[in-house]
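Written below as structure tokens is the structure these notes are about.
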Number of protein chains: 2
Amino acid sequence: MFSIGEFSKASGLSVKTLRFYHERGLLVPAATDERSGYRYYDGRNLEKAGVIRALRKFEFSLEEIAAILEDCDDDQDAAEYLQRQRKILEGKSRHYRDLVQRIDQVMQLQREAREIVVFNRESQEIEERFVQPQIVAGLRIKGRYQDCGKVFSKLAKRVGRHISGKPLCLYYDGEYREEDADFEPCFPLRKSVAVNEFDVRTLPGAACVILLHRGPYDTLGESYARVFEYAKHKGYEIELPTREVYLKGPGMIFRGNPKKYLTEIQVPIRQET
Amino acid sequence: MFSIGEFSKASGLSVKTLRFYHERGLLVPAATDERSGYRYYDGRNLEKAGVIRALRKFEFSLEEIAAILEDCDDDQDAAEYLQRQRKILEGKSRHYRDLVQRIDQVMQLQREAREIVVFNRESQEIEERFVQPQIVAGLRIKGRYQDCGKVFSKLAKRVGRHISGKPLCLYYDGEYREEDADFEPCFPLRKSVAVNEFDVRTLPGAACVILLHRGPYDTLGESYARVFEYAKHKGYEIELPTREVYLKGPGMIFRGNPKKYLTEIQVPIRQET
DNA sequence: TTACGGCCTCCAGTAACGGGAGAGTCAAGC
DNA sequence: GCTTGACTCTCCCGTTACTGGAGGCCGTAA
């Protein structure tokens, strides 16, 4: 017979825990002194304590442990319980692994954003460039420009695995619209994947007039004016849809500082054939 | 301005949660009606709610989130916090993965035990067989036979990855001893691994008189008597150490029913050269 | 007798909420 | 102006598996 302190050392369970298990009926001491209330444990208690400890290691709840102790005398009897717990634990492992991946994604985006900022530190000028064709997944909608963000997060959830570059948006109107704007948020993909609900296709290459817009989205209008002015001056004919590539926008967690946003405006121009 | 119910739908946080965050000072409504106590939320609140939700997904505690909201305006600012959290989450993922592996081990042992029982259903007889050499990790001690279990769990913890068969024990005394018995619990290994504290070596093969003992360990004596009797009858000379292989003993969780234990007694005999 | 350590019970606190009681508030319909 | 029903308020309890602490009893040794 052990006193509770001795039994605590023998079993590896704290005195508090032993009292708690007693209260819960999980591990009832072999004897209790009626007068003093002292608990006394025996060898059978020790064995049971070992089983409880083993099951706690597998993170069974005390309730489940009580059930297992009720049902089982043998590892074999506990197989079902173990199988179930295995599934749960595997789920948790996967869950945490996914979270780690998500954090890695966030940090990857940060690195890219930093590089873009450094790389484009002084570019302010309009340029002409051929934009290469790319595979994209898009969802064309009619609505207000603010809805864009929601569509992006929806897209990211479904094709997140295959994204290969910065988000972009196609604008089919050729002018600014408060409501009923016709546009298509897109993600470039590494390879073509069939995702129902979204339009996955190759976005053709195009010669474009390009301007890197710095600052919040509500000043995009001024930059568009500069681009259109330039195109007109050069006598170019504009082809729809125009494109915006969001090189640095709101972060995945914080909105960030809109003054630091970088958006590339790409206006395709008709080529003489 | 949203009422708490509207804001709950907009933010995806429950009304209860919003009240709780208010109490904790994490997300204070833009205005509260002094008279009625009604909470009213605005767009900035909505943005903050989004950040909190994003951080909760990464399982930051509310306390940490408060600190992050204090410190950061931008994903970049949060990089350190994310890095730290990443480590924690990775640790948890590994933890659960390890538990799954441990459960798999338990169930693997169960399967083996079941097969052994089925396979040896009717073997009761003494036989002679050559036991193949094998790589083992052992720890030779002097003490009482009951200490065996502790040594096995110690061994299992250190070389668990490389175990390739049933635990066995070498007995150097050639007779039963209450105290100061000289014996060596061993695990067979797939390959030789250096583990300090333990003796890893190749246990030589040996021609043995073998008997499968059924039942609890305290009746092993009778089986030994049979084996020695047989050896004497045949005129064999016994070589130490003798071996016991624990084909089915206590489970990894439960002690199980000792009447079902299976132990192979192997007594090496000298070969004429 | 006193001291000291061990043991007892009871209460409170943990993290992040959810449930529910009982009461006050708001907007709409009559 | 009144009622109704939906909404909101505060306050308290419960969750899990314990840990910490207060205040007091018990047992043994000096």
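For the numbers below, each heavy atom of this structure counts, side chains included, while hydrogens, waters and symmetry mates do not. Order of the sequence lines fixes the chain letters, A, B, ..., with proteins taken first and strands second; residue numbering starts at 1 for each chain.
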- Message: At a heavy-atom distance below 4.0 Å, what parts of residues 28-40 of chain A sit against DNA chain C?
- Response: Ser36(A), Gly37(A), Tyr38(A), Arg39(A)
- Task: Please work out which residues in residues 41-48 of chain A have a non-hydrogen atom less than 4.0 Å from an atom of DNA chain C and list them by number.
- Result: none
- Task: If the plane angle is over 60° it's perpendicular, under 30° parallel, otherwise tilted; pick one for Tyr261(A) and Tyr217(A).
- Result: tilted
So does [X] pair up with [Y], basic N to acidic O under 4.0 Å?
X	Y	answer
Glu115(A)	Arg111(A)	no
Glu90(A)	Arg97(B)	no
Glu112(A)	Lys166(A)	yes
Lys154(A)	Glu197(A)	yes

Would you mind reading off the distance between [X] atom [atom1] and [N] atom [atom2], rounded to a whole angstrom?
X	N	atom1	atom2	value
Ile4(B)	dA6(D)	CD1	C1'	15 Å
Phe7(B)	dC7(D)	CZ	C1'	17 Å
Glu23(B)	dT10(D)	CD	C1'	10 Å
Glu63(A)	dA17(D)	CD	C1'	13 Å

- Roughly how far, to the nearest 0.5 Å, is CD of Glu47(B) from CZ of Arg255(A)? 4.0 Å
- Outer limits of DNA chain C sitting under 4.0 Å from a non-hydrogen atom of chain B, read 5' to 3', are dA16(C) to dC26(C)
- Decide if the gap between the ring center of Phe187(B) and the ring center of Phe152(B) is smaller than 6.0 angstrom. yes
Would you tabulate the pairs of protein nitrogen or oxygen atoms and nucleotide nitrogen or oxygen atoms of nucleotides 11-14 of chain D closer than 3.5 angstrom?
none

Do other residues, nucleotides or ligands put more than 12 heavy atoms under 6.0 Å from [X] [atom1]?
X	atom1	result
Glu80(B)	CD	no
Gln108(B)	CD	yes
Arg144(B)	CZ	no

- Query: Of all heavy-atom pairs between Asp180(A) and Asp173(A), which one has the smallest distance, and what is that distance?
  - Reply: O-OD2, 4.5 Å
- Query: Taking only residues at least two apart or on different chains, which pairs with a member in residues 54-82 of chain B satisfy ring-ring contact (aromatic ring centres under 6.0 Å, His included)?
  - Reply: none
- Closest nucleotide of DNA chain C for Phe60(B) versus for Lys9(A): which of these residues is on the 5' side? Lys9(A)
- Item | ring-ring contact (aromatic ring centres under 6.0 Å, His included) partners of Tyr40(A), counting only residues at least two apart | none
